[in-house]
Amino acid sequence: MNDHSGAGTNRAVDMIQPVELVWGLPGGLGDRWEPVESAAGVYGVLPPPSEVGDLYGAAAAEPPLNEDRKYALLFADVYEASVRKGQVLAALARSTADGRLRALAYGHFWAWAEQDYDWAYELKDRLGDTAPVIEWTFALNLLARDPNLRTAGLGRRTLETWLSGISGYGCWLQTDDIDSPARRLYESLGFTAIGHGPQAPNGEPGLVMYRPPQQT
């Protein structure tokens, strides 16, 4: 979950549609989901996994993350599985000109009893006594923003929009345990570190951050 950087201008802001909230269906979209490619005039639909991977890959390839492209492909696969298997909430921004995905935050409701896979078991074990804190919250799976829009504030607006969609619920995320723009953004919006989870792309245990329920 890393909102990372590049160069941008105020002019770029005018080229971005307002950030929109899009819910997936309860229970997931399953085999019925046929992703719609982004294009001018496309609204209210979840973006294809390939576009999510491209966006994250471009953002995470730059310092301080310098991530290998394989992690972008992994995050794209996790996104697709999440959409097909469960209800997700996404906040996304597209280019006005061609509908290209320029920023995305997405996640889903979190209950430990529903998390029957190895990564979640490891997370619960590593969090120990802190694990109950994130029960009945929302997990923020991913935040990514076009690296050419660093100064546009698009990452913050996208995350704030997503948080507005879960008003009244706590939420949590895992990110790299380094001083990064993403971590500073999370801290500025009320997230605090509560422990460490499974290995992050940098090879170190990921930092788990939590934000208490708020009315936004």
Side-chain angles (χ1 to χ4, degrees), residues 1-4 23-24 26-28 46 49 52-53 55-57 59-60 64-68 70-91 104-144 155 158-159 162-163 165-166 168-214:
M1 294 164 226
N2 297 290
D3 169 37
H4 202 54
W23 280 99
L46 295 168
V52 172
L55 179 66
Y56 181 84
L65 300 182
N66 303 303
E67 286 184 11
D68 188 284
K70 67 182 181 181
Y71 293 109
L73 298 177
L74 174 61
F75 278 114
D77 288 344
V78 171
Y79 165 76
E80 180 173 10
S82 297
V83 172
R84 292 190 184 278
K85 294 181 179 180
Q87 186 177 34
V88 301
L89 173 64
L104 171 73
Y106 92 92
H108 59 83
F109 187 72
W110 184 271
W112 281 113
E114 299 173 356
Q115 315 309 319
D116 187 18
Y117 51 96
D118 290 344
W119 190 93
Y121 294 142
E122 183 178 354
L123 173 66
K124 190 172 187 178
D125 183 63
R126 285 179 174 269
L127 287 177
D129 293 341
T130 308
V133 172
I134 65 173
E135 176 77 318
W136 306 113
T137 63
F138 274 80
L140 176 65
N141 291 30
L142 184 68
L143 172 66
T158 301
L159 179 53
W162 187 84
L163 291 171
I166 62 165
Y169 285 91
C171 58
W172 68 276
L173 58 89
Q174 178 172 296
T175 189
D176 299 83
D177 193 359
I178 59 175
D179 181 17
S180 67
R183 180 171 175 176
R184 293 193 293 272
L185 171 61
Y186 299 139
E187 291 172 342
S188 74
L189 292 174
F191 287 87
T192 58
I194 61 170
H196 289 83
Q199 180 176 299
N202 66 357
E204 299 295 328
L207 182 69
V208 180
M209 305 185 76
Y210 171 72
R211 183 177 189 259
Q214 299 181 32

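Treat the numbers as computed from the prediction; the structure is a model and nothing was measured.
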Test of understanding: with side chain to side chain donor-acceptor pair (under 3.5 Å), list the residues that count as partners of Gln115, not counting sequence neighbours. Tyr117
Report the residues that fulfil ring pair (Phe, Tyr, Trp, His ring centres under 6.0 Å) with Tyr79, sequence neighbours left out, ordered by chain and then residue number. Tyr106
With sequence neighbours excluded, residues passing side chain to side chain donor-acceptor pair (under 3.5 Å) with Ser188: Arg156
Where does the angle between the aromatic ring planes of Trp162 and Phe138 fall among parallel (under 30°), tilted (30 to 60°) and perpendicular (over 60°)? perpendicular
Which pairs, with at least one residue in residues 104-116 and sequence neighbours excluded, count as a salt bridge (charged side-chain N to carboxylate O under 4.0 Å, His left out)? none
Side-chain donor-acceptor distances from residues 124-135 under 3.5 Å, at least two apart:
| unit_1 | atom_1 | unit_2 | atom_2 | d |
| --- | --- | --- | --- | --- |
| Arg126 | NE | Glu122 | OE2 | 3.0 |
| Arg126 | NE | Gly197 | O | 3.4 |
| Glu135 | OE1 | Trp112 | N | 2.7 |

Minimum-distance pair of heavy atoms, taken over all atoms of Phe75 and Pro201: CE1-CG, 4.4 Å
Partners passing ring pair (Phe, Tyr, Trp, His ring centres under 6.0 Å) against Trp23 (at least two apart in sequence or in another chain): none
Considering all heavy atoms, the nearest Ile166-Cys171 contact: CD1-CB, 3.6 Å
Please list, chain by chain and in numerical order, all residues satisfying side chain to side chain contact (heavy atoms under 4.5 Å, CB included) with Ile178, sequence neighbours excluded. Pro64, Leu65, Asp176, Ser180, Asn202
Ignoring hydrogens and angles, tell me if any N or O in the side chain of Gln174 forms a donor-acceptor pair with the backbone of Val208 under 3.5 Å. no
Specify the closest pair of heavy atoms between Ala90 and Leu46, including all atoms of both residues, with the distance to one decimal. CB-CD2, 3.6 Å
Testing the basics here: between Gly168 and Pro213, what is the closest heavy-atom pair and its distance to 0.1 Å? O-CB, 3.5 Å
So CG of Leu142 and CG of Leu55: to nearest 0.5 Å the spacing works out to 7.5 Å
Determine whether Trp172 and Leu123 make a side-chain contact, defined as any pair of heavy atoms from C-beta on separated by less than 4.5 Å. yes
For residues 70-81, which residue pairs qualify under salt bridge (charged side-chain N to carboxylate O under 4.0 Å, His left out), counting only residues two or more places apart or in two chains? Glu80-Arg84
Would you say the ring centers of Trp136 and Phe109 fall short of 6.0 Å from each other? yes
Side-chain contact, heavy-atom cut-off 4.5 Å: Leu143 with Leu185? yes
Assess the residue pair Arg211 and Leu140 against the criterion (side chain to side chain contact (heavy atoms under 4.5 Å, CB included)); give the C-alpha distance rounded to whole Å, side-chain angles, the decisive distance to 0.1 Å, and a yes or no. CA-CA 11 Å; Arg211 183 177 189 259; Leu140 176 65; over 6 Å; no
List the atom of Trp110, the atom of Ala139, and the distance in Å for their closest heavy-atom pair. CE3-CB, 3.9 Å
List in chain and number order the residues that pass ring pair (Phe, Tyr, Trp, His ring centres under 6.0 Å) with Phe191, two or more places apart in sequence or in another chain; answer none if no residue qualifies. Tyr186
Ala193 to Leu207 - nearest heavy-atom pair and separation: CB-CD1, 3.7 Å
Measuring from Leu163:CG to Thr158:OG1, what's the distance to the nearest 0.5 Å? 11.0 Å
What distance do His108 atom NE2 and Leu89 atom CG have between them, rounded to the nearest 0.5 Å? 11.5 Å
Among pairs that include at least one residue of residues 178-191, which meet salt bridge (charged side-chain N to carboxylate O under 4.0 Å, His left out), considering only residues two or more places apart or in two chains? Asp177-Arg183, Asp179-Arg184, Arg183-Glu187
